[in-house]
Amino acid sequence: MDRALSARIFHLLKKHYGVPDPSLRYTGLYELAVSVVLSAQTTDAQVNAATPALFARYPDFARLARARIGDVERIIKSTGFYHNKARNIVALSRAVTQRHGGELPSAREELTALPGIGRKSANVILSIGFGVPALAVDTHVLRIANRLGYVESDDPLRAEEALTSMIPRADWTTAHLVLITHGRALCAARAPRCRECPVRTLCAYARNNP
DNA sequence: ATCCCGAGGG
DNA sequence: CCCTCTGGAT
């Protein structure tokens, strides 16, 4: 992969998809942070279905910090991994209220130190929440980075390094959103629709899938 | 490397 | 039925 090819790919993808809005429904950093933790290994639709009840009952970090785990579990059950996620978002809320005075921190090291937030979630919060350039690599981005030839690795950090070295910093957030959208619309894990793909002529994977 | 763990699609 | 979904902690 070289920068010229990378630029052509993203030009075509942006022309096809536009600049997508984040698909998680949230208002403010509290809801974004909680939604991102809940989004692990589940679809945004599942998260968006559960969060209205959650945020109605616990409207901020301070309220969620005092929640009973069992109550939270019942509300978020449909998102999967609900024992872990319930514990994480309550512990996260306690950490933000106690350690950070109720304000979500904007440094990656402070974010990843919070319960339930690893590098991918921190990058989503940085880029979408704070407007800080970051390229979050989730399952879609990792798969597409491999198919397009940015990397040959199952390590998300490798993919992040490859993508950020090829894509201008100002486009990292857009690249993340475009690749997510592409992964859902056409470049699916199971039955990718290479026929209809705007970058099929630039993709080795598409060429091998007639 | 392994566990967590529900729901939708093919 | 098996695979996949905006991963993280141990």
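Residue numbering restarts at 1 for every chain, and letters A, B, ... go by the order of the sequence lines.
- Computed from coordinates, the A/Leu111 CG to C/dG7 C1' distance equals 15 Å when rounded to whole Å.
- The 5' end of DNA chain C is approached more closely, in terms of each residue's nearest nucleotide, by A/Leu24 than by the other of A/Leu24 and A/Pro115.
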What's touching nucleotides 2-5 of chain C from the protein side, N or O pairs under 3.5 Å?
residue : atom : partner  : partner atom : Å
C/dC3   : O2   : A/Arg190 : NH2          : 2.7
C/dC5   : OP1  : A/Arg143 : NH1          : 2.5
C/dC5   : OP2  : A/Thr139 : OG1          : 3.0
C/dC5   : O2   : A/Gln41  : O            : 3.3
C/dC5   : N3   : A/Gln41  : O            : 3.3

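- Among residue pairs with one or both ends in residues 148-177 of chain A, none qualify as ring pair (Phe, Tyr, Trp, His ring centres under 6.0 Å); sequence neighbours excluded.
- Nucleotides C/dT6 and B/dA1 place their C1' atoms 23 Å apart, quoted to the nearest Å.
- Residue A/Pro156 is classed as having no contact, given no heavy-atom separation below 4.0 Å to the nucleic acid.
- Shortest non-hydrogen contact noted between A/Pro133 and A/Arg169 is CB-CG, 3.5 Å.
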(request) Please test A/Glu103 against A/Val96 for side-chain contact (heavy atoms from CB on, under 4.5 Å), starting from the C-alpha separation and ending with a verdict. (result) CA-CA 6 Å; A/Glu103 299 287 323; A/Val96 171; 5.8 Å; no
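- Sorted by first then second residue, the side chain to side chain donor-acceptor pair (under 3.5 Å) pairs that include residues 49-69 of chain A, not counting sequence neighbours, are A/Arg68-A/Asp71.
- Going from atom CG of A/Leu92 over to atom P of C/dG7 covers 17 Å, rounded to whole Å.
- Atom-to-atom distance recorded for A/Asp138:CG and A/Arg143:CZ is 8.5 Å, nearest 0.5 angstrom.
- For DNA chain B, the residues of residues 69-91 of chain A within the heavy-atom distance limit of 4.0 Å (strictly under) are A/Lys77, A/Ser78, A/Gly80, A/Phe81, A/Tyr82, A/His83, A/Asn84, sorted by number.
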For A/Ile167 and A/Phe10: C-alpha separation, side-chain torsions, deciding distance, then whether side-chain contact (heavy atoms from CB on, under 4.5 Å) applies.
CA-CA 9 Å; A/Ile167 299 169; A/Phe10 275 94; 3.4 Å; yes
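- With a 4.5 Å cut-off on side-chain heavy atoms, A/Ile180 and A/Tyr17 do not count as touching.
- A straight line from CG of A/Leu157 to P of C/dG7 spans 16 Å, rounded to a whole angstrom.
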Give the table of side-chain donor-acceptor pairs shorter than 3.5 Å for residues 19-26 of chain A, with sequence neighbours excluded, one pair per line with atom names and distance.
residue : atom : partner  : partner atom : Å
A/Ser23 : OG   : A/Asp44  : OD2          : 3.2
A/Ser23 : OG   : A/Arg184 : NH1          : 3.3

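- Applying the salt bridge (charged side-chain N to carboxylate O under 4.0 Å, His left out) test to pairs two or more places apart or on separate chains, those with a residue in residues 109-134 of chain A are A/Arg119-A/Glu160.
- One can place CD of A/Gln46 at 12 Å from C1' of B/dC5, the figure rounded to the nearest angstrom.
- Contacts of A/Val37 with the nucleic acid, taken as non-hydrogen atoms under 4.0 Å apart, are absent.
- Among the protein residues, A/Leu38 comes within range of no part of the nucleic acid, since none of its heavy atoms lies under 4.0 Å from any strand.
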